[in-house]
Structure formats: C-alpha cells, structure tokens
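Note sheet for the following structure.
None of the values given here were measured: they were computed from a predicted structure.
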Amino acid sequence: MSTSGRGTDARTDGRRAGANTTDRPRDAHTGGPGRYRTDTGHTDTGSTGAGHPDNGRTDNGRTDNGRTGADGPVVDRTRPRGIGPHRTGPRTGPRSGAGVGRGAAFDVRDRKSHVLPARPGRARVDGPPPHAGVVGGGIAGLAAATALAERGVRVTLYEREYGLGGRLAGWPVELADGSVATMSRGFHAFFRQYYNLRELLRRADPGLHSLTPLPDYPLRHSDGMLDSFARVPRTPPLSALGFAALSPSFGWRDLLRMNPAAALPLLDVRVPGVYERLDTIGAADFLARIRFPEAAQHLAFEVFSRSFFADPRELSAAELALMFHIYFLGSSEGLLFDVPREPFPQALWEPLAEYLRDQGATIRTATAVDSVEPVRGGGLAVTAAGGTAVHDAVVLALDTAGLQRVVAASPGIGGAAWRAGVAGLRTAPPFLVSRFWLDRPVAPARPGFLGTSGYGDLDNISVLDRWEGEAHRWALRTGGSVVELHAYAARTDGGRAAVRDRLLEQLHRVYPETRDAGVVDERHEWRDDCPLFPVGGHGSRPSVRTPDPVLMVAGDLVRTDLPVALMERAATSGFLAANALLARWGVRGHPLRTVPPRGRSALLRALASLGRA
C-alpha cells in the first residue's frame, strides 16, 4: 500500500510518518480526563472509553474550533457538542409523559423471549425527590440514569470524558486532507436480541432509525472457506443444524468424529447453573472436548470468544456457552445485526443526552470522581473535581480499573470480601483498532463487515463507507474508502508497531486491491480496559447489589443471574441497579426482557439432562 498526504513511505520509530496513533494505556475510567502523549509528541487529554468532544460541527462536517498546530491537529476541547462546557443542568422540566410507561415496546421476533415485569409501586416519586449520583456515562450509566430520571428521581451523571458513551464514545480528528472525521474504538454490532440496550436507545429514537441492518455476518478463513449467516434459519435448533449443513467447515466425517456427549451442556444453558458446571473449564479446552472441526472452531466459536477480547484459552467456558445460547440455541433473533448510521456520538449519545436533560437530569462531563464515602445519618458523599456532593444513592457504572480505583480510594464502602472481589478483577489483553482513509475504493463486492480467522492478528475488517454516513460522505467526496481493522488479544511481544504492520499486511491478503491504495490518513487506538472473564472467576465478580443498600454497581463486568452479555449486560445491569433503588423508594421499576432463560424446547432440555445424569 502506497501512502500519500500525511502518510508517506518514510518511517519514524516504525510508524508511517504523520500517522496519528494512540499507543497508550489510558487512565482508568473514573470520571475525568487523564493525560497521554501521542506519537507526534503532542500532549493531549483523554482516557479510557471516550476521548475527545465532538466540537461544534457545521453542516459541511468541518469543525468551527479545529486548527492545525506544529505537532499536528489541535482540537479545542473546551466545548463538547451537545453537552455544554462541562456541565448541563436540567431543562425547565420533563416533557409531558416522557419516559412514563416506557419499557414495554420491545422490538421482538422471538415469542419465547423472557419478560421480567416491573416491580409494582408508584408511577413517579412523590414529594421531594431522592438524589442519585451515577458515576460513569457509558451504556450502563446511561441506562441507570435514564431509568431513575424517568421516575422523577433527581439524577447527576458524572463522566470523566468530554462526551458520553464509554467504550462506544467518539471524538473528532482532523485528517491530512483538512476534513474532520469521528474516531472511535471501532465497530460494534447491535444484535436484535439486545432488547434492553435497544429499548434504552428508543428513548431518544423510538423507531431506531439511527440503526441500519447489515445483510450478512460473513466469516472468512485464510484457507478460503467462507461462512455466512444470511441463509441460516433463525429459530433453534434449525439455526445450528442449518449452519452445520450450509457451512463448508462442517463435513460428514468431521461430524462423525465429534463428541456429542461433551456438547450436551450447550442445549440447556441456564444462569447461574452454567457457571456452576463450566466456569472451571477454559473455552479452548471445552471446544477440544467436543471435537468440533478445527475450521469450525475458528469460524464460529472463536468469534464468540473474541467478542470478549480474550484468548479462548483464558476465557471461561461458561461465558462461551452463554454466548452460544444467546445467539444460536436460545434465541430465534438470529446472528444478523444492525449498526449505527452515523458515528456513535451523533447517532446515539447526543440524542440520549438531550432526552436525559429533558427528564431533569444533570450531566457533568470532564468530571473525575475521586471517591464515594458513606455519610453519617445516611447517603453517600461523592467527591469529584475538587468538590463534594451528598447523594441518597449512587450507581458505580465504571470499567474495571475505574471501579478498582474508586473503591480503593473509598475505604468506607463495602465489606472486606466485596472489596477483595473488586480488587481481584482482571482486564482482557490489549486490542488494537486501526482505521485507514484510503484514496481509492475497495472492490464493490466487499461486505460492510467481515470476520476473519487464520490471518494472524486480524480479527475483522469493516468498510465503514458501506454503512456509516460520515464515512460514506467522505468517500463520495474523495473517491476513496474508509477501512477499519481489529486485532483482539493482540500479541505485542514484538512491539505495538509490529502489530499495526501485520494488520496492514493481512488486509492486503484479504482485499488485494488495497495494496496499491494510498493512505490519506490513519488512526490507531490501543486499549486494554475490557473485563476478562477468566476460568473460575465468576463467583468473585461483584453483583449489582453491594453490602450497602444504597450503593449499586453496573456494567458488563458485573455478575447477573440473567442470560445477557457484552453491551446488553451493561444496559441490563444499569436498569437492574435503577430498579433496585426505585423499589427501595416505593416507585415502580422498569420491565426487562432477555432471551429464554433455559433450553428452548423440552427435547433440548431432555437431551441436556443426559449429560447431567
């Protein structure tokens, strides 16, 4: 691949000249900006999960505040778009009826999906409202804040970054051609069985017009095999049978060599029972026991383990089995998914922030939460940005390092065992998101998203201009394309620059036409803040409730007794945290929905029982 503009063939410290990379461990997500150095030597502010504000963007996609300095692009971070300088208070009042009675209009295909009805109580808070602090503005924190504010609770949301969204945040970058783009931590799939996350998004977008479906979920192996889910039936067990019948990775001889007895636990996955049976086994060992064909392991099951940014050898088999249940044998929603039509801030979080303010919530961005301590007489004192505010209750919706940091600085919360469990949490290995703005398009037949296996570090390729509006407009204007590469659980023993180079080499293998494309600009994001679900770790994970009845924890790291994972676990736990507090105040909670909580049919459950006998 040749380079042009900012990216020339000259290398500095193993990198394309001018490439803006963020090879940095960011500060833990605890509510305010940390500091890091970019490869250009320019010092910026930012940290885990969000990054930079979306500065006053004009209709032509440029930014009023962007400018170029000696060390590369400089963006004024003093005024995030849609959030205000650092803090936004409530509007004149909630919209009439907004949020009240919401929560039942799930978009559901699966008639066997499970509904958790709302706990009864008053429709809204009567009298002086309790004041809740929500620490963390990612999916879990936004769900908790929304659920509380809709019931009349006074909510203050603290977020360390300049924008909301947590690990799905975005920030503006100025490209070498002078245009402004939104960078993020990369592609995320919004599956149809993410009921509670989608219901959260419906608060600001009732028709979910911000999402658009991709026609397929293709998986390609380096030996040439290609799997597709577009023609696979969605209803179990036809989904698994159909995949085996249509997939070139399953041959009859391979099927005859499999160990069906070892696979029986997959037929009736229940939470928490699946953890009692499989949490002491590694995902790779579990697959080896089943004797799945090697190619099928790579193309199907390894994709699930990679969703946790983890090596299959380190991941609990219980989490893998839960994923198999959610997507294959437990739900008829299928494995096709939606993606945002625009970058995350514009499509999702700015509208949801507007909705939250209309519900009376206060949003404090760029605000670091240092500690949370009990107050004599009741309540919790949140110390943030040099000040302290007393709340009647607090939800800690933080990533692993952020939660550990706040708990370590708050000796008065939780008991010894709970604090030890938090301190023992681990994060997954580092991962890399590389995005290239190319001067020519990839071949028209390339899918918007492609999962890969057998291509070294490369786990997937996204052609963003196939589905994201901002990237599409850039491609139309320039005649180029925007390509994103992911490397999960990346091997960094040879240095991070080597990983980036290997990703580019693998892109050339998969899409040979990119070899001669010029690089207009590129961005590289290294992160290592996703929770790890190691073998034997489930029992020590924190649950939503803590030893303090007015302190809750939410996020994809928590332990729940529901069949949810990843982004859906984050959203669900946020609602669960809010519901627990609402019940304490005698206020009606919010209904939730999950995939079926056990094996889908009596036949499957009977077969699974043979393995437990």
Side-chain angles (χ1 to χ4, degrees), residues 29-33 49-50 80 82-94 98-99 124-125 127-166 169 200 203 349-350 352-375 378-398 402-403 406 409-410 413 546 548 550-555 574-575 577-582 584-585 587:
H29 186 125
T30 57
I83 302 295
H86 294 290
R87 175 175 182 164
T88 57
R91 297 290 180 90
T92 54
R124 287 178 63 85
V125 171
H131 187 189
V134 177
V135 185
I139 291 174
L142 288 167
T146 298
L148 291 168
E150 286 177 347
R151 296 294 190 254
V153 176
R154 183 181 163 207
V155 173
T156 298
L157 176 63
Y158 300 88
E159 166 55 43
R160 73 171 298 167
E161 299 296 342
Y162 289 89
L164 302 175
L200 172 65
R203 262 62 174 196
W349 313 132
E350 290 171 5
L352 192 56
E354 183 85 1
Y355 175 81
L356 263 174
R357 290 194 298 272
D358 285 345
Q359 297 300 310
T362 296
I363 299 173
R364 297 187 60 185
T365 55
T367 303
V369 168
D370 301 315
S371 64
V372 177
E373 288 285 9
V375 176
L380 295 165
V382 173
T383 300
T388 299
V390 176
H391 300 278
D392 297 293
V394 169
V395 178
L396 296 177
L398 300 163
L403 179 63
V406 169
S410 310
I413 61 174
T546 76
D548 189 328
V550 295
L551 179 67
M552 303 291 159
V553 179
F575 282 114
N579 282 351
L581 294 176
L582 292 172
R584 180 176 177 81
W585 297 323
V587 179

query: How close do A149 and V155 get, heavy atom to heavy atom, and via which atoms?
result: N-CG2, 3.8 Å
- request: Any chance you could measure L582, atom CG, to E150, atom CD, to the nearest 0.5 Å?
  value: 10.0 Å
Side chain to side chain contact (heavy atoms under 4.5 Å, CB included) partners of P129, counting only residues at least two apart: V125, R154
- request: Quickly, which of T365, V382, V134, T362 forms a side-chain contact (heavy atoms from CB on, under 4.5 Å) with Y158? Name it, please.
  value: V382
- prompt: Less than 4.5 Å apart, any side-chain heavy atom of L551 and any of L396?
  reply: yes
- prompt: Would you say E161's side chain and G163's backbone share a donor-acceptor pair under 3.5 angstrom?
  reply: no
task: Taking side chain to side chain donor-acceptor pair (under 3.5 Å) as the test, write out the residues that go with T383, two or more places apart.
output: T388
- line: Heavy atoms of L157 and G141 approach each other most closely as CD1-O, 4.2 Å
- prompt: Quick one: are I413 and V394 in side-chain contact, heavy atoms under 4.5 Å?
  reply: no
message: My understanding is that only residues two or more places apart in sequence, or in another chain, count here; which of them pass side chain to side chain contact (heavy atoms under 4.5 Å, CB included) with A578?
response: A147, L148
query: Does the side-chain contact (heavy atoms from CB on, under 4.5 Å) test come out yes or no for L164 and I363, once each step is laid out?
result: CA-CA 9 Å; L164 302 175; I363 299 173; 4.3 Å; yes
field: Spatial distance of atom CG (L356) from atom CG (L142) [nearest 0.5 Å]
entry: 6.5 Å
query: Is any side-chain heavy atom of D548 closer than 4.5 Å to a side-chain heavy atom of L380?
result: yes
task: Hey, could you give me each pair passing ring pair (Phe, Tyr, Trp, His ring centres under 6.0 Å) that has a residue in residues 128-152? Not counting sequence neighbours.
output: H131-H391
CG-CZ distance between L352 and R357, expressed to the nearest 0.5 angstrom: 10.0 Å
statement: When rounded to the nearest 0.5 Å, the distance separating OG1 of T546 from CE of M552 is 6.5 Å
